[in-house]
Amino acid sequence: MPNSQDILAATGNKSQETEFFNPFPPGYQKGRHKYVAVLGTVMSGLGKGIFASSLAKLLKDKGLKVAPIKMEGYLNIDSGTLNPYRHGEVFVLDDGLETDMDLGTYERLLDQDLTRDNYTTSGQIFRRVLDKERKGDYLGRDVQMIPHVTGEVKYMLRELAVKQDADVVFIEVGGTVGDYENGFYIEALRELAFEEGPTSICFVALTYIIEPKALGEQKSKAAQLGLKKLMEAGVQPHIIACRAQNPVVASVMQKIAMFSNVPLKRVFSMHDRKSIYTIPEAMRETGLDREILGLLDMHERVNVVHEDHSRERWRTFVDLLVGKRRFRARIGITGKYAALRDAYASIDKALEHCGAHLSADLEVQWIDTTRMKEGQEAAEAASRLEGLDAVIVPGGFGVRGTEGKIACVQYCRENALPYLGLCLGFQMAVIEFARHVCGLSGAGSSEFDTVATDHVIDILPEQKKIEGLGGNMRLGGKDVVLKPNTLAAFLFDEREVIRQRFRHRYEVDPRYIPTLESHGMVFSGMHPEHPIMQILELPMKDHPYFIGAQFHPELTSRPLHPHPMFMGVVAAAIRHAHPEIPADQISTRWLPALSPQ
Ligand code: GLN
């Protein structure tokens, strides 16, 4: 039987009368790249992304180059049009791709920027296939799920391996084995394993151990059925992770091992824990990392010094995270989706990172401004914000709840309550300041208020042209130039230029900048060439911490590199909550500088 390399050579990468369509992208070296595929059984929403990224981290810590990819079953081309109510927040990558929150989990755990090559959907794959079909690339063949669609999947994976020079490509398939919409991914992975040969791919199945209250014991039947389904698809798992509320008992682990042909030492209990950040170390303790290295025959690629160093840094962070905290602070977050934390997953994480680094227990209070009575927003904001130590107004779209948010900003500004505005929260701060400080009582944004007399926030076609984006959203990583001697400059270590992630359509109308500035608003971050305002603040002599960003700092906060604007707001909240503690006894960098003069 010819192997796929021979076919590649013989056909020049074109389809023939063979099932081996889709050979290999240029530059592909068989054996150089290994694969780990993580598949879910029983049900979704179990934290497959967390498991997969923890596993990827283990390997990255060993000095290996990892390239994760999330393969979604849905037909949308990206996540830009998904409702965060249904799907969690939209996570924006540096190259501007709108993805889902799992990519955020990978970026945070791996401390690595991802690109559009690290994410795909069925929609994207079908589009690639259909585009090729229209161009006649299939040489007259009927185009089929196998080999053409599965071929496209394999090609993409190999292409990713080459582009990112990956030792290991980490594949996470969305949904659950048995779903119609991801069946072709699983088939593609089975084929990949066959084509790449032994020790090239490690299949990991995540399953779920039920513990019905009425029985009071763990049951493995659903997990067994789920795993069987995977084996029916021709995939023999090498490792099984059992999600469960409590540590999985030995007898259940043995059953899982026996029914799925997986040695017991490769069955891992992934029970609920205090923090997801403890999972990598727990995996290592059971020897899962060495098992994978063995399965992929990669022991000799490990860099032990790199591993010791990475482990040490991670352990220091985890100790801070699970250790006892010295301070407490209460942070209010406004939002239309206040009921659903997933919609604000990155903000939650950013606060988690900063709480650990500054040793503060943070209690988050959600403030649903859509519920505030019309005309009563100021009074309602005052009663809701009383007793809080800081307020964050996050990003959002549309008019609902905006008057309540503006009232919250006003309360923070007038009562020296620390404030952090994120994207829409930046725009709210501009409107509030224009109305109540500059006397422009009709100030508003053209996004939600066509009758406002002063659209201080507007869509500015001439500015959009600058970046060639037409009327579309401004997306992805962009440079921001900082003004020296400002709060922003302090937060970012006096750097002149920083890179931040954007997702917005509207911005400050430059015609209002002189008015806003002459009344005391400082624009401390700007577009490198044009009068587009990206960070605003009030001088520290007037307010302990009042800052807003047109970008989304929450997207780039990482456990080992917490975002400075979040560190700032948490530090200011601690100062607010603990005025009795002398600043210099709290921290050397963040708190003294943010203390009232
Ligand atoms: N709706 C605002 C805009 O489009 C803010 C967007 C956001 O907060 N992500 O500019």
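The first residue in the sequence is number 1, and the count goes up from there. Order of listing sets the numbers, starting from 1, for every ligand and every atom in it.
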K.L.:
Is it the case that ligand 1 has an N or O less than 3.5 angstrom from some N or O of Gln427?
P.N.:
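In this structure, Gln427 places an N or O atom under 3.5 Å from an N or O of ligand 1.
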K.L.:
Where on Met473 is there a heavy atom closer than 4.0 Å to ligand 1, on the side chain, on the backbone, on both, or on neither?
P.N.:
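The answer is neither; Met473 stays 4.0 Å or more away.
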K.L.:
Without hydrogens or angle criteria, can the side chains of Ser524 and Glu537 be said to hold a donor-acceptor pair below 3.5 Å?
P.N.:
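Note: Ser524 and Glu537 side chains meet the donor-acceptor criterion.
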K.L.:
Tell me if the CD atom of Glu363 is crowded by more than 12 foreign heavy atoms within 6.0 Å.
P.N.:
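Yes, the 6.0 Å shell around CD holds more than 12 heavy atoms from other groups.
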K.L.:
For ligand 1, find out whether one of its N or O atoms is nearer than 3.5 Å to an N or O atom of Cys423.
P.N.:
no
K.L.:
Please list, in number order, the atoms of ligand 1 under 4.0 Å from a heavy atom of Gly396.
P.N.:
1 (N), 2 (C), 5 (C), 6 (C), 7 (C), 8 (O)
K.L.:
Indicate, as side chain, backbone, both or neither, the part of Glu447 found under 4.0 angstrom from ligand 1 when only non-hydrogen atoms are considered.
P.N.:
side chain
K.L.:
With no hydrogens and no angle check, just 3.5 Å: does a side-chain donor-acceptor pair link Tyr277 and His353?
P.N.:
yes
K.L.:
Closer than 4.0 angstrom: is that true for some heavy atom of His552 and an atom of ligand 1?
P.N.:
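Distance cut 4.0 Å: His552 passes for ligand 1.
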K.L.:
With atoms numbered from 1 as shown, which atoms in ligand 1 lie under 4.0 angstrom from a non-hydrogen atom of Gly395?
P.N.:
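Near Gly395, the atoms of ligand 1 are 8 (O).
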K.L.:
With sequence neighbours excluded, what pairs up with Glu380 under the side-chain hydrogen bond (donor to acceptor under 3.5 Å, both in side chains) test?
P.N.:
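Glu380 satisfies side-chain hydrogen bond (donor to acceptor under 3.5 Å, both in side chains) with no other residue.
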K.L.:
With a heavy-atom distance limit of 4.0 Å, tell me whether Arg503 approaches ligand 1 through its side chain, its backbone, both, or neither.
P.N.:
backbone
K.L.:
Using a distance-only test with no angle check, is there a side-chain donor-acceptor pair under 3.5 angstrom linking Gln112 and Lys60?
P.N.:
yes
K.L.:
Within the 4.5 Å heavy-atom criterion, are Leu93 and Asp113 side-chain neighbours or not?
P.N.:
no
K.L.:
Can you see whether Asp111 engages His561 through a side-chain donor-acceptor pair at a distance of less than 3.5 angstrom?
P.N.:
yes
K.L.:
Atoms of ligand 1 less than 4.0 Å from Arg505 heavy atoms?
P.N.:
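In order of number, 3 (C), 4 (O), 10 (O).
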K.L.:
Which protein heavy atom lies closest to atom 10 (O) of ligand 1, and at what distance to 0.1 Å?
P.N.:
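Minimum-distance protein heavy atom for atom 10 (O) of ligand 1 reads Tyr506 N, 2.8 Å.
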